[in-house]
Student: 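Let me give you the structure first, and then I'll get to my questions.
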Amino acid sequence: IAAEDIKPKPYLAISAQGIFLSNDNKQVRETAVGILRRLASKYNVVLVVKISDEEDKDRVLETLAMSRIVPHNSYNIDQSVVWVEKTAAAAASSDDDDDGFASDPPSSAVSSILEAPSSLGSPETAILPRANILFCQTDEGKQHLVRHLLTLRPPTPQAHTYAGYIDTNRDVASRLAMVLRKPVVLVDSSMAVGGPAEELPKNIQIVGDITQSIFYQ
């Protein structure tokens, strides 16, 4: 099959905490590898991880590598992550556009993900390339990263499509649902945290587990 005949997978961004990682980022959840492998067969999955500092970032990458979610030392870590500082997020929120998000892109690394050839994926033993792991320090930074990733126009209209977003944070999911105009899944094991479903944008699906989401079917 010629490379030009291979249809690019749509991008699916997922907040890792509470879904694939423990809330403290120290462990990969037991079901993460199987679920991620299935999703990665259908989508170009990008994980967004909220961290506290550089040590936390390095620990997350090592934890993901130990579970073979990303490859070990495939290339320089500094080239494989997007770093949104707390100060940058604060500056962005003070200069928002009409939809509540900063208009400037957070990092050229997001653009690099979109421009990377689909053939340059991770080794056979890993599920994702390290470039598909994005980091931020705040929820505002996470919103900014995801919005940029899922709305940035590719070089050609046929180059990429966008599937949607998955998170456990109701506020983040709600804000992104209003601007992405794509399906957004809120993983909420209680199915009731933060108010009734009718208060959320209509393009949000609430599920108790990611395997119940529209993206996993």
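Residue indices begin at 1 and follow the sequence shown.
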Student: Looking only at non-hydrogen atoms, find the nearest pair between Ala177 and Asn203 and report the distance.
Tutor: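 For Ala177 and Asn203, the tightest heavy-atom pair comes out as O-ND2, 3.0 Å.
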
Student: Calculate, to the nearest 0.5 Å, the distance between atoms CD and CG belonging to Glu55 and Asp53 respectively.
Tutor: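 Rounded to the nearest 0.5 Å, the CD-CG separation comes to 5.5 Å.
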
Student: Using modelled atom types only, decide if a donor and an acceptor are shared between the side chain of Asp188 and the backbone of Gly208 within a distance under 3.5 Å.
Tutor: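 Side chain of Asp188 to backbone of Gly208, a donor-acceptor pair under 3.5 Å: no, none is there.
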
Student: Report, as yes or no, whether the 6.0 Å neighbourhood of atom CD on Gln217 holds more than 12 heavy atoms from other residues, nucleotides or ligands.
Tutor: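 Above 12, so yes.
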
Student: Roughly how far, to the nearest 0.5 Å, is CG of Leu145 from CD of Gln143?
Tutor: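 Between Gln143 CD and Leu145 CG, I get 10.5 Å after rounding to 0.5 Å.
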
Student: Please tell me if the side chains of Phe135 and Val48 come closer than 4.5 Å, counting only heavy atoms from C-beta onward.
Tutor: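 They are not in side-chain contact.
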
Student: Any side-chain heavy-atom pair from Pro201 and Ser174 closer than 4.5 angstrom?
Tutor: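 Sidechains of Ser174 and Pro201: in contact.
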
Student: Please check this pair: side chain of Gln137 against backbone of Ile51, looking for a donor-acceptor N/O pair closer than 3.5 Å.
Tutor: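 Pair absent, no side-chain N/O of Gln137 close to backbone of Ile51.
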
Student: Is a side-chain N or O of Gln17 found less than 3.5 angstrom from the main chain of Thr168, in a donor-acceptor match?
Tutor: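 Checked: no pair found.
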
Student: For the side chain of Glu62 and the backbone of Asp58, is there at least one donor-acceptor N/O pair under 3.5 Å apart?
Tutor: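 Not at all, since once roles are kept as given, no pair shorter than 3.5 Å links the two residues.
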
Student: Determine yes or no for a side-chain-to-main-chain donor-acceptor pair under 3.5 angstrom, with Asp139 supplying the side chain and Asn169 the backbone.
Tutor: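 No.
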
Student: Assess whether side chain to side chain contact (heavy atoms under 4.5 Å, CB included) is satisfied between Leu47 and Phe20, documenting all intermediate values.
Tutor: CA-CA 9 Å; Leu47 299 184; Phe20 298 126; 3.7 Å; yes

Student: I need the minimum non-hydrogen distance between Leu150 and Tyr165, along with the two atoms involved.
Tutor: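 Closest approach of Leu150 to Tyr165: CD1-CB, 4.2 Å.
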
Student: Between Leu186 and Ala173, which heavy-atom pair has the shortest distance, and what is it?
Tutor: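 Closest approach of Leu186 to Ala173, heavy atoms only: CD1-CB, 4.3 Å.
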
Student: Per the side-chain contact (heavy atoms from CB on, under 4.5 Å) rule, which among Thr63, Leu21, Leu61, Val28 passes with Ile69?
Tutor: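 Only one option passes, and that is Val28.
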
Student: Ignoring hydrogens and geometry beyond distance, is a side-chain donor-acceptor pair present between Ser15 and Lys142 at under 3.5 Å?
Tutor: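 Yes, because at least one side-chain N or O of Ser15 sits under 3.5 Å from a partner of the opposite role on Lys142.
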
Student: Of all heavy-atom pairs between Ala126 and Pro71, which one has the smallest distance, and what is that distance?
Tutor: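 Shortest heavy-atom separation between Ala126 and Pro71 comes out as CB-N, 3.5 Å.
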
Student: Do Leu12 and Asn44 have side-chain heavy atoms sitting under 4.5 Å apart?
Tutor: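 SC-SC contact between Leu12 and Asn44 ruled out.
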
Student: What distance do Cys136 atom SG and Lys57 atom NZ have between them, rounded to the nearest 0.5 Å?
Tutor: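 Going from SG on Cys136 over to NZ on Lys57, the span is 13.0 Å.
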
Student: Could you check whether any side-chain N or O of Ser213 sits under 3.5 Å from a backbone N or O of Ile210, counting only pairs where one atom can act as donor and the other as acceptor?
Tutor: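 Yes; judged by distance alone, with no hydrogens or angles, the pair exists.
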
Student: Is the side chain of Arg147 donor-acceptor paired with the backbone N or O of Leu176 at a distance under 3.5 Å, no angle test?
Tutor: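 No.
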
Student: Go through it in stages, so that I can follow the logic: the residues are Arg68 and Val33, the test is side chain to side chain contact (heavy atoms under 4.5 Å, CB included), and I'd like the CA-CA distance, side-chain angles, deciding distance and then a yes or no.
Tutor: CA-CA 8 Å; Arg68 295 186 175 181; Val33 172; over 6 Å; no

Student: Please identify each residue that fulfils salt bridge (Lys or Arg N to Asp or Glu O under 4.0 Å) with Lys182, with sequence neighbours left out.
Tutor: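 With sequence neighbours excluded, Lys182 shows a salt bridge (Lys or Arg N to Asp or Glu O under 4.0 Å) to no residue whatsoever.
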
Student: Taking the side chain as everything from C-beta on, heavy atoms only, tell me whether Gln205 gets closer than 4.5 Å to Val207.
Tutor: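 Gln205 vs Val207: side chains touch.
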
Student: So do Gln212 and Val187 actually touch side chain to side chain, heavy atoms under 4.5 Å?
Tutor: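 Of all side-chain heavy-atom pairs linking Gln212 with Val187, none is under 4.5 Å.
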
Student: Tell me, which pairs form a ring-ring contact (aromatic ring centres under 6.0 Å, His included) where one or both residues lie in residues 48-68, sequence neighbours left out?
Tutor: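 Qualifying pairs: none.
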
Student: Leu128 vs Ile133, test: side chain to side chain contact (heavy atoms under 4.5 Å, CB included). Steps then yes/no.
Tutor: CA-CA 8 Å; Leu128 303 175; Ile133 313 300; 4.2 Å; yes

Student: Donor-acceptor check, side chain of Asn132 to backbone of Val45, threshold 3.5 angstrom: yes or no?
Tutor: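 Between the backbone of Val45 and the side chain of Asn132 there is a qualifying donor-acceptor contact (under 3.5 Å).
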
Student: Considering all heavy atoms of both residues, which atom of Ala65 and which atom of His72 are nearest to each other, and what is their separation?
Tutor: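 Nearest pair, atom of Ala65 first, then His72: O-NE2, 3.2 Å.
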
Student: For the atom pair CE (Met178) and CD1 (Ile204), what is the distance rounded to the nearest 0.5 Å?
Tutor: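 Here the rounded value is 8.5 Å.
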
Student: Can you tell me if NZ on Lys42 sees more than 12 non-hydrogen neighbours from other groups inside 6.0 Å?
Tutor: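 Enclosed: over 12 neighbouring heavy atoms sit under 6.0 Å from NZ of Lys42.
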
Student: Show the numbers, then the answer: is there a side chain to side chain contact (heavy atoms under 4.5 Å, CB included) between Val70 and Ile127?
Tutor: CA-CA 6 Å; Val70 298; Ile127 302 172; over 6 Å; no

Student: Among all residues two or more places apart in sequence or in another chain, which pass the salt bridge (Lys or Arg N to Asp or Glu O under 4.0 Å) test with Arg59?
Tutor: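 Salt bridge (Lys or Arg N to Asp or Glu O under 4.0 Å) check on Arg59 returns Asp56.
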
Student: Could you tell me whether a side-chain N or O of Lys9 sits under 3.5 Å from a main-chain N or O of Ala40, the two making a donor and an acceptor?
Tutor: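 Yes; at least one donor-acceptor contact below 3.5 Å.
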
Student: Does a side-chain heavy-atom distance below 4.5 Å link Ile214 with Val185?
Tutor: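 The answer is yes, as the side chains (C-beta and beyond) meet within the 4.5 Å cut-off.
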
Student: So do the side chains of Ile19 and Asp167 get within less than 4.5 Å of each other, counting heavy atoms only?
Tutor: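 No; the side chains remain at least 4.5 Å from each other.
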
Student: With side chains defined as the heavy atoms from C-beta onward, is the minimum distance between Tyr43 and Tyr11 less than 4.5 Å?
Tutor: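 Side chain of Tyr43 against side chain of Tyr11, heavy atoms only: no contact under 4.5 Å found.
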
Student: What is the distance from atom CD1 of Ile166 to atom CZ of Phe215, rounded to the nearest 0.5 Å?
Tutor: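 CZ of Phe215 is found 5.5 Å from CD1 of Ile166.
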
